[in-house]
Amino acid sequence: MNRITKGLLMTGLVGVMSGMNACTNLDETLYSQISADNFYNNRQEILSAVLRPYTHANAWMAPTGQRSFWRLNEFSADQLAWPQKGRHGYDDAQWIRLHGHSWVYTESNIWDPWRLIFTGIGFCNNTIGDFDKINFQAAGVSNQERDAFLAELKVFRAYHYMKLMDLYGNIPLVTTVGTPLSPPTVPRAEIFAFVEKELKENVDKLPNLSKAMIGRITKAAGYSMLSELYLNAQVWSGTARWDECIAACDKIMKGETGGLNGTPALDSDLLATYSNTNDNSKEILFQLVYDYQLTPTRCGWSGDFYHFAQRFIYDGDANGNNGVVVIPSAYDAFKDNDLRKSTWMLIGPQVYAANPSQPVLATEEYKGKQLVFVKEIRRASEGGTRSTMIDGEENSGARFNKYRPGRQSEAKYWSNDWALYRLTDIYFNKAEALMRKNNGTATAEAVQLINDTRKRAFSAADFAKEAYTTTTLTMPELLAERGREFIFEGKRRTDMIRFGAFHTYSWWDHQPSNESKNLFPIPQLQMAANPNLKQNPGY
């Protein structure tokens, strides 16, 4: 049953485009160039149009090798970096600028997320605009299903705008394709109000989450978005909305929005939420769906994360650019008895998965020797002790191991779905809202929520000593624990800004910047194309 329901979504996506390349090729011939009168003839064609934004979302919502929302939100924060490693990884210093908050408005890292997310909005707007032209009755679609499809598109569009608002602040607001041609910048608070209105008006028109709706916008996804929106309301709109955040969390926690596999529950296994069978997770509330056995698509995290010889470590078929690593201070933020440290990060001597007695060999500074990942980022092969963004070697830094593809012989090899919201998000969001309502002091309920998620990270014996109390769960500790729990998940910059840490904290090779860096600049290419845009302060 799992493969059947997952396959239905993948089939709908492939019905619009062929393969993963189409999601990033913006010059392709799109169905939107076909007259709506000639396209929406049956339910499958309508569904294909509704699903089109999901396919494109792979390009910006997950670490798939694109200059994406995910990259901006992680590489500018205090956990992950792409340091230069010998002759590799300097890349015109673009990763160094992200780490040091010295980016400029002319570079691709700033332009591409804007372009990709607005393209997704365009897909939503196009189909929403076509709905008035469709004879749904003739196509075999009921009014109720039509309303659900429309709500799905509007909620997904709101999600796009929420992420754009997070990155860039004041942005254009466009709901109709081509109108206006040069939309003006809209204040962030107005974008917030639009997102809130779209979510509130449509969330209850959505179906509950179920296996049949895997990977699609449901009530569970919609209320997760509301939870995130209200958690960040003080930053994004200027007004705190803690009670509304708690109410959205409660809807999900009470089981009123459905679940992927029954009532939502925390996965007890640290890997179940991320495995190649994570469509069986009870924790995931919204995910990007992949089934590598049914389609040629998979979540391509290998490009950003994997070493040049990493395929041997997993008995897989993909190596990477040997790019992203965990910075030393982030690795040290995990206690040694924290099972997340040894489970979600890869460190130490590497061996072949197919033959554990055979070492994986390095290819650069340590060519011919066993590849040994170390937490330090320095030129150890040359006796170097300095640790900066230009001092890495091929083995520098602990590596991504949260999502594991499995071996090629496995039935679900590299069919891992990428989780965007999970129940743990909801526990943390509610706990934080409770603490902020209580002047930053933990309540008993907040402590219980965080401990419920934290206990799977320790042995039973250790957790007796590691459980939080109302005294030890301070606001700085909550930010630190969010970092440990959500490492690699694309959330860190947003969290740091909400805690006032993004431009004020120091970490590894980063010194405090200034408050203007809480927003990225409007890209130069967009400014040149649209004279009605107003640049963000400080750029």
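Between the side chains of Tyr223 and Asp204, at least one donor N or O sits under 3.5 Å from an acceptor N or O. Counted by atom type alone, Asn439 and Thr441 present zero donor-acceptor pairs between their side chains at under 3.5 Å. With no hydrogens or angles considered, no side-chain donor-acceptor pair links Thr239 and Ser237 at under 3.5 Å.
By the 6.0 Å contact criterion, CD on Glu201 is enclosed, its count of non-hydrogen atoms from other residues, nucleotides or ligands being greater than 12. For Tyr105, the OH atom counts as loosely surrounded, since its 6.0 Å shell holds 12 or fewer non-hydrogen atoms of other residues, nucleotides or ligands. Applying the 6.0 Å contact sphere to NZ of Lys437 captures no more than 12 heavy atoms from other residues, nucleotides or ligands.
Inter-residue side-chain proximity for Trp111 and Gln524 is flagged as unmet; no heavy-atom pair is nearer than 4.5 Å. Using a 4.5 Å heavy-atom cutoff, the side chains of Asp166 and Phe69 are in contact. Using a 4.5 Å heavy-atom cutoff, the side chains of Leu226 and Met162 are not in contact. Looking at Asn109 and Trp95, their side chains come closer than 4.5 Å, going by heavy atoms from C-beta outward. Side chains of Glu196 and Glu244 form no contact here, defined as non-hydrogen atoms less than 4.5 Å apart. Counting heavy atoms from C-beta outward, Leu229 and Met165 have side chains that approach closer than 4.5 Å. Using a 4.5 Å heavy-atom cutoff, the side chains of Leu260 and Leu285 are not in contact. No side-chain heavy atom of Met61 sits under 4.5 Å from any side-chain heavy atom of Lys163.
Ser68 and Ala59 get closest at one heavy-atom pair: CB-O, 3.7 Å. Across every non-hydrogen atom of Glu198 and Val155, the tightest pair is O-CG2, 4.4 Å. Across all non-hydrogen atoms, the minimal contact from Pro63 to Asp304 is CB-OD2, 4.2 Å. Taking each heavy atom of Leu209 and Ile284 in turn, the nearest pair found is CD2-O, 3.8 Å. Across all their heavy atoms, Gly178 and Leu181 have their closest contact at O-CD2, 3.3 Å. Scanning all heavy atoms of the two residues, the minimum distance from Val324 to Trp82 falls at CG2-CE3, 3.9 Å.
A donor-acceptor pair under 3.5 Å links the side-chain atoms of Lys282 to the main chain of Asn261, judged by distance alone. Asn530 places a side-chain N or O within donor-acceptor distance of the main-chain N or O of Pro183, the cut-off being under 3.5 Å. A donor-acceptor distance shorter than 3.5 angstrom exists from the side chain of Asn58 to the backbone of Thr55, with no hydrogens or angles considered. The backbone N or O of Tyr292 lies less than 3.5 Å from a partner atom in the side chain of Ser415, making a donor-acceptor pair. Although no hydrogens or angles enter the test, the distance criterion places no donor-acceptor pair under 3.5 Å between the side chain of Asn276 and the main chain of Asn416. Looking only at distances, a side-chain donor or acceptor of Trp414 sits under 3.5 Å from a matching main-chain atom of Cys299. Remark: the backbone N or O of Val104 is paired with a side-chain donor or acceptor of Glu107 at under 3.5 angstrom.
In this structure, Arg492 fails the cation-pi test against Phe499, since its NZ or CZ atom is not both closer than 6.0 Å to the six-membered ring centre and inside 45 degrees of the ring normal. In this structure, Arg241 fails the cation-pi test against Tyr230, since its NZ or CZ atom is not both closer than 6.0 Å to the six-membered ring centre and inside 45 degrees of the ring normal.
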Quick one, Asp130 with Lys133, criterion salt bridge (charged side-chain N to carboxylate O under 4.0 Å, His left out). Give me CA distance, side-chain angles, the key distance, then yes/no. CA-CA 5 Å; Asp130 283 345; Lys133 309 169 189 175; 3.4 Å; yes
Between Leu199 and Val195, is a side-chain contact (heavy atoms from CB on, under 4.5 Å) present by the stated rule, with each step listed? CA-CA 6 Å; Leu199 292 178; Val195 172; 3.9 Å; yes
Please lay out, stage by stage, how Trp236 and Tyr161 fare under the test ring-ring contact (aromatic ring centres under 6.0 Å, His included). CA-CA 12 Å; Trp236 291 344; Tyr161 270 114; over 10 Å; no
Evaluate the criterion side-chain contact (heavy atoms from CB on, under 4.5 Å) for residue pair Ile121 and Asn125; output intermediate values, then yes/no. CA-CA 6 Å; Ile121 289 171; Asn125 284 342; 3.5 Å; yes
Would Arg216 and Leu51 satisfy side-chain contact (heavy atoms from CB on, under 4.5 Å), going step by step from the backbone distance to the final call? CA-CA 8 Å; Arg216 291 176 60 186; Leu51 296 180; 3.8 Å; yes
Is there a side-chain contact (heavy atoms from CB on, under 4.5 Å) between Met225 and Phe286 once you walk through the steps? CA-CA 10 Å; Met225 294 171 195; Phe286 181 40; 4.2 Å; yes
With side-chain hydrogen bond (donor to acceptor under 3.5 Å, both in side chains) as the test, would you mind laying out the steps for Thr273 and Asp267 before giving the verdict? CA-CA 7 Å; Thr273 315; Asp267 289 327; 2.8 Å; yes
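In this structure, Ile450 CD1 and Glu445 CD are separated by 11.0 Å, a value rounded to the nearest 0.5 Å. With rounding to the nearest 0.5 Å, the separation of CD1 in Ile171 from CG in Asn536 is 10.0 Å. Within the model, atoms CG of Asn429 and CD1 of Ile252 stand 8.5 Å from one another, a figure rounded to the nearest 0.5 Å. Note that CH2 of Trp344 is 5.5 Å distant from CG of Leu270, once rounded to the nearest 0.5 Å. To the nearest 0.5 angstrom, Met527 atom CE is 10.5 Å from Asn532 atom CG. From Cys124, atom SG reaches atom NE2 of His56 across 9.5 Å, with rounding to the nearest 0.5 Å.
Contact check on Arg498 versus Asp495 returns a salt bridge, with a Lys/Arg side-chain nitrogen under 4.0 Å from an Asp/Glu carboxylate oxygen. The pair Asp112-Arg71 fails the salt-bridge criterion, with no side-chain N (NZ, NE, NH1 or NH2) lying under 4.0 Å from an Asp/Glu carboxylate O.
Separation of the Phe131 and Phe136 ring centroids falls under the 6.0 Å cut-off.
Relative orientation of the Trp103 and Phe520 rings is tilted, given thresholds of 30° and 60° on the angle between their planes. Note on ring orientation: taking the six-membered ring where Trp is involved, the planes of Phe156 and His160 are perpendicular (angle over 60°, cut-offs 30° and 60°). Using a 30° and 60° split on the angle between ring planes, Trp418 and Trp301 fall in the tilted class, from 30° to 60°.
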What donor-acceptor contacts under 3.5 angstrom involve side-chain atoms of residues 419-427, with partners at least two apart or in another chain?
from: Tyr421; atom 1: OH; to: Glu228; atom 2: OE1; distance (Å): 2.4
from: Arg422; atom 1: NE; to: Tyr274; atom 2: OH; distance (Å): 3.2
from: Arg422; atom 1: NE; to: Glu489; atom 2: OE1; distance (Å): 3.2
from: Arg422; atom 1: NE; to: Glu489; atom 2: OE2; distance (Å): 3.3
from: Arg422; atom 1: NH1; to: Tyr274; atom 2: OH; distance (Å): 3.3
from: Arg422; atom 1: NH1; to: Glu283; atom 2: OE2; distance (Å): 2.9
from: Arg422; atom 1: NH1; to: Thr424; atom 2: OG1; distance (Å): 3.2
from: Arg422; atom 1: NH1; to: Glu485; atom 2: OE2; distance (Å): 3.1
from: Arg422; atom 1: NH2; to: Tyr274; atom 2: OH; distance (Å): 3.1
from: Arg422; atom 1: NH2; to: Glu485; atom 2: O; distance (Å): 3.0
from: Arg422; atom 1: NH2; to: Glu485; atom 2: OE2; distance (Å): 3.1
from: Arg422; atom 1: NH2; to: Glu489; atom 2: OE2; distance (Å): 2.8
from: Thr424; atom 1: OG1; to: Glu283; atom 2: OE2; distance (Å): 2.6
from: Thr424; atom 1: OG1; to: Arg456; atom 2: NH2; distance (Å): 2.7
from: Asp425; atom 1: OD1; to: Lys491; atom 2: NZ; distance (Å): 3.1
from: Asp425; atom 1: OD2; to: Arg422; atom 2: N; distance (Å): 2.9

